[in-house]
J.: 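Could you have a look at this structure, given as C-alpha cells, before my questions?
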Amino acid sequence: MAARSTEPGEAFTFCRVGGVTGRLRKSRRGSGARLEGRAINTKVMTRTRDHWLLSVVKREGLDGTSRLEIAPVVPASDAWSVVTRQLGLTDDELARLVAGYFRLDTAELSHAEPHAITLVPEAIVRRHLVFPVSETDRYLYVATADPTDIEAERVLGFRSGRTPVFRIAPPSSIRDAIDARYSSNQALEGILGGMEGGASEDPVLVVERMGPEMISKEDATATPVVKLTNLILRDGITSRASDIHIEPGRKLGVVRYRVDGVMRKHMDLPMAAMNRVISRVKILSRLDIADRLRPQDGRARVQIQENVYDLRISTIPAAGAEKCVIRILDSNRLFGLEDLLVPEHELLKLRELLALREGVVVVTGPTGSGKTTTLYGALRELATGQVNIMTVEDPIEYELDGITQTQVEVKQGVTFASSLRAILRQDPDIILVGEIRDQETAEVAAQAALTGHLVLATVHANDAAGAVARLADLGLDFGTIAAALRGCLAQRLVRRVCPDCSTEIVGDLNSEERDLADRFGVEPKIRAAGCTSCGHSGYRGRLPVMEVLSVDARMQEAIELRKGPATLTLLARQGGMRTMHDVAYDWVRAGRTTLDEVQRVLGQAFGPLEDEPVEESARILVVDDDEEARLMLRTMLEDEGHVVEEAVDGQAALDRLTGSIDYSLVILDLSMPRMSGAEVLGRLRDSARTRALPVLIRTGTGGESDEASLLDAGADDYVRKDADAVRTLARVRAVLRRSAL
C-alpha cells in the first residue's frame, strides 16, 4: 500500500500481517520498521460478522456497543449514522475516536486550500466521499470517513500524482464541503433554505448580450440541484399536476403547475438556478445538456414513495435560455369508460360505435381534453383477449396489457403511415392511431377501415361535426369520408367542484350567477368556495363533457354533398346527439360543476331549444339557391315538426305558390338567379291569393334601412343569414303566431 505521512521524515503504512491491519512506522533514520498502533481484531477484518467501525467504538467500552451489529459491506457513511444514533455520539466525537484508533489527525475542512481541490475531479470525491484539504509537492492530504478504503487511496494517488494522506472527518461534513466548494450552486442552497439578495450600487451598467449559460454535467448533478429538482417534481405530483412548466424570464424564472387544466404558479427561481434545474431534467431524460439551441424531447421514469410515474419532457429555446415542460403520466391510474364518469347517454352511443368491427371512429378536442384517456379506456374494454389490438402512438402514454403498442420514431423512419402499413400485415382487428396529422396517415387509416378494421384515431377539431372538415383538409375526398367514417366524439373537461368546500346555493343567486343563468338558461345548484384540499381554487378533479355523432345514411348523404358543420350538427341532433353544452348543463343541474366553469371551457353559447313550440305543424316553403342553406333550414324546421318543401329559385317558388297547395309560411332568400327575392315578394303581394301569405326574408347583407324597405314592401319579418338556429326558429315562431291571430 502507499505510504501516508503525518510529519516530515516519518511515514506510516497500513499493512496486513496474518490477518491483522496496523501501521508500520519507519524511523527517520531508516534503521528498520516495526508494527505500531492498535491492530484491528483479526476476526473483525477477515470474517463477515462486524464492521470495522465497531472495533473503534468497542475499544472505548461505550454503553450499548455490545448490541450493535453492522455488516462489513455497509458503506462507512451509513455505519456512521447507525453508530452515532445508537450510542448518542456526535459526528465530531466519533471522528475523534476514529482518528485516535488509527493514529491519524482530524481534518480541518474550513481551512481547505483551493488548489488542492483542483487536483481531484468532483466525480471521484463524490464516489469515494473524500475531500482534498491541502497538498505539497509530494503529498495530498484528504479528508475521509473511511481510512480503510484502499480503492479510494489508489484512485487519489493516480489522479493527483501525489501520495494520499488521510485525515478523518464525518461523512456529513465532507458532503457539505463538496457541495460548497466544487459547484457554483450556493444559490440553490439559498432557495432551499431562504435567500438573501442585494443590489448593485452602480446606477447604470453597460453590458453586451450574452448567450445561454453553459451548464456542465457536474453542475447539474450537484446535490442542491438534485434536491431542488426532486422538490419540484414531488410537489407537482402531489398537487395532481398534469404538466410542470419551467419558464425563463429576464431576471427570474418561474415554475408553474397545470392542475385540472388551469395553470398555478408554484415558485420563482433565479435564472442561474433555473438553468441548472433544466439541465438536471435533461440528464434524467437522456437529452443533450450542451445543445440549448434546438428543441428536444425525452422521457424519464421516477418513483415517489411506492408509485412510479412516467415523465415526458420537452425543451425549447426561449429568450436566451430554455423552457421546459414536463408531462406527468401516472400509469397506475388507468380507468375504464365508467370510471371516467362518461354520462350514460354518451356512454351508450360510444359503446355502440366500439361494437362495430369496421370503419373509423375519431375523437376530437384540444390538447389536454382527455382524448387519449378516453381511447385507452375504450381499449381496456375491447381488450378481451379475443381480438388483436395494435396501436401506433407518439408518444406511448400508458402501457396496456394484451395490446401491441408501437412508438413513432421519425428519425428511424417509423412514422404513423409506415407503422400503419406494417400493422395491416399483422392481422389486426382493432387499430389505434394516436393522431391523424397528414394526408398519408389519413389515407392509410381510411383504407384500413374500408378493408374490415375498426380504426380509432384522434384529430384536431373543435367539435364532432368539425372532424369531417378536418379529414377533408388532410386530403381525403368526401366520398371516402362518408364511406369510412362511422362516428365522431368531441370532448372537453370541466372542473368538478371540491366536495370539501363547495356550498349549496340557498336563496337568491348573486349578480354574476344570475347573469350566467339567464344566458345559459340553467339554474346553478352549487357554489365553489376554496380550501387547502383544492389549492383554494374551489375545484378538485374534472368531469367529461362529450358529444357523440353517429354517421347514419342521412349523415353519409350530407357528407357526400359536402355539407358544412352546422348542417351536420343539426342532422346529428335530429339523430339523438346531445351537444357538449347539453351535457355540461346536466352536470350543472346535478350540482357537480358551475356555469362559470362551463363558460370558461366551452365559451358562450345559446341555451337549449326550449322555447314554446307552435301548437300545430305548418307547411313551409324554403326558397334558396344554396343547397346547404336549404338542407340546414329543412333539418331545423322538421325537427320542430313542420312539413318543409324546397324551391331552388324565385321562378320555381312562384310555380309552387300559384298551385293548389296552401303554405303557412315562405322563407325567402333575396339574391337568387332567374328571379330575385324582392321580385318574388312583390309578385306575392300583388296577387289576391297570396297577399296574406306570411313571408320571412333571410338577408345576408344590408343595414337597417334595407331591412326597413323590405318590411315596407310587404315582408312580415326578416332574419340575417348568420343568425344561429335559436334566433332563426324564434323568428319563424313569431311569424306563425302572428298569422294565427
Side-chain angles (χ1 to χ4, degrees), residues 239-243 257-264 333 335 337-347 349-350 363-377 458 460-464 466 488-505 509-510 512-531 533-549 569 577-608:
S239 299
R240 300 178 297 105
S242 61
D243 301 89
Y257 297 154
R258 186 179 293 278
V259 181
D260 294 333
V262 178
M263 299 289 282
R264 297 181 186 174
R333 300 183 62 210
F335 302 114
L337 293 176
E338 291 182 346
D339 301 323
L340 296 174
L341 301 179
V342 178
E344 184 177 354
H345 181 270
E346 282 64 38
L347 180 60
K349 294 182 71 66
L350 178 56
V363 181
T364 73
T367 301
S369 61
K371 302 187 299 295
T372 303
T373 302
T374 298
L375 284 175
Y376 278 1
T458 69
H460 284 291
N462 290 328
D463 52 23
C488 307
L489 181 148
Q491 178 171 322
R492 300 289 190 278
L493 296 173
V494 296
R495 290 182 295 174
R496 177 171 46 188
V497 292
C498 176
D500 295 337
C501 62
S502 60
T503 57
E504 186 176 356
I505 296 177
L509 303 176
N510 59 39
E512 182 179 357
E513 291 167 342
R514 172 50 57 194
D515 179 61
L516 290 172
D518 291 341
R519 277 190 280 168
F520 285 100
V522 179
E523 291 284 333
K525 295 292 191 301
I526 207 161
R527 189 175 286 140
C531 64
S533 298
C534 59
H536 302 283
S537 65
Y539 300 90
R540 193 173 72 198
R542 289 192 284 182
L543 300 164
V545 290
M546 301 176 172
E547 57 185 28
V548 183
L549 182 153
T569 299
M577 183 189 82
R578 296 197 308 169
T579 66
M580 287 184 285
H581 277 90
D582 295 332
V583 176
Y585 297 151
D586 280 352
W587 287 126
V588 173
R589 295 186 186 100
R592 307 292 293 278
T593 191
T594 64
L595 287 176
D596 183 65
E597 176 65 7
V598 172
Q599 179 175 252
R600 183 189 70 84
V601 175
L602 298 180
Q604 179 62 43
F606 295 98

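Along the sequence shown, residues carry numbers from 1. As the structure is a prediction and not an experimental result, all values here were calculated from the model.
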J.: Against Pro524, only a single residue in Leu509, Thr594, Asp596 fulfils side-chain contact (heavy atoms from CB on, under 4.5 Å); can you say which?
T.: Leu509

J.: Under 3.5 Å, is there a donor-acceptor pair linking the side chains of Arg495 and Ser537?
T.: no

J.: Take Thr374 and Leu337 through the side chain to side chain contact (heavy atoms under 4.5 Å, CB included) test and state the conclusion after the steps.
T.: CA-CA 7 Å; Thr374 298; Leu337 293 176; 4.3 Å; yes

J.: Could you measure the distance from the CG atom of Leu493 to the CG atom of Leu341? Nearest 0.5 Å is fine.
T.: 11.0 Å

J.: Just verifying a value: how many Å separate Lys525 NZ and Ser502 OG, rounded to the nearest 0.5 Å?
T.: 14.5 Å

J.: Give me the one residue out of Glu597, Glu513, Glu504 that meets salt bridge (Lys or Arg N to Asp or Glu O under 4.0 Å) with Arg527.
T.: Glu513

J.: Take Glu547 and Val583, measure what side chain to side chain contact (heavy atoms under 4.5 Å, CB included) needs, and give me the verdict at the end.
T.: CA-CA 8 Å; Glu547 57 185 28; Val583 176; over 6 Å; no

J.: Show the nearest heavy-atom pair for residues Thr364 and Lys371, with the distance to one decimal.
T.: C-CD, 3.5 Å

J.: List the steps, then state whether side chain to side chain contact (heavy atoms under 4.5 Å, CB included) holds for Met577 with Asp582.
T.: CA-CA 10 Å; Met577 183 189 82; Asp582 295 332; over 6 Å; no

J.: To the nearest 0.5 angstrom, please state how far the CG atom of Asp500 sits from the SG atom of Cys531.
T.: 5.0 Å

J.: About how many Å separate CG of Asn510 and CG of Asp515, when rounded to the nearest 0.5 Å?
T.: 10.0 Å

J.: Among residues at least two apart in sequence or on other chains, which ones pass salt bridge (Lys or Arg N to Asp or Glu O under 4.0 Å) with Arg514?
T.: Asp518, Glu523

J.: Tell me the closest heavy-atom pair linking Glu338 and Leu347, and the distance in Å.
T.: CG-CD2, 3.9 Å

J.: For the atom pair CE (Met546) and CE (Met580), what is the distance rounded to the nearest 0.5 Å?
T.: 11.0 Å

J.: Thinking salt bridges, do Asp260 and Arg240 make one under a 4.0 Å N-O criterion?
T.: yes

J.: Does Lys349 come within less than 4.0 Å of Glu346, counting only side-chain N to carboxylate O?
T.: no

J.: Search all heavy atoms of Gln491 against all heavy atoms of Gly370 and return the closest pair with its distance.
T.: NE2-O, 3.2 Å

J.: Search all heavy atoms of Cys488 against all heavy atoms of Ala464 and return the closest pair with its distance.
T.: CB-O, 3.5 Å

J.: So with a 6.0 Å cut-off around CG of Asp586, is the heavy-atom count from everything else above 12?
T.: yes

J.: Nearest 0.5 angstrom please: Leu602 CG to Leu595 CG, how far?
T.: 11.0 Å

J.: With under 30° as parallel and over 60° as perpendicular, where do the rings of Phe520 and His581 fit, or are they tilted in between?
T.: parallel

J.: Keeping the roles fixed (side chain from Trp587, backbone from Pro544), state whether a donor-acceptor pair exists under 3.5 Å.
T.: yes

J.: Show the nearest heavy-atom pair for residues Pro499 and Arg540, with the distance to one decimal.
T.: CG-NH2, 3.5 Å

J.: Closest heavy-atom contact between Gly530 and Cys501?
T.: N-SG, 3.2 Å

J.: Only one of Val601, Ile526, Val598 passes side-chain contact (heavy atoms from CB on, under 4.5 Å) with Thr593; say which it is.
T.: Val598

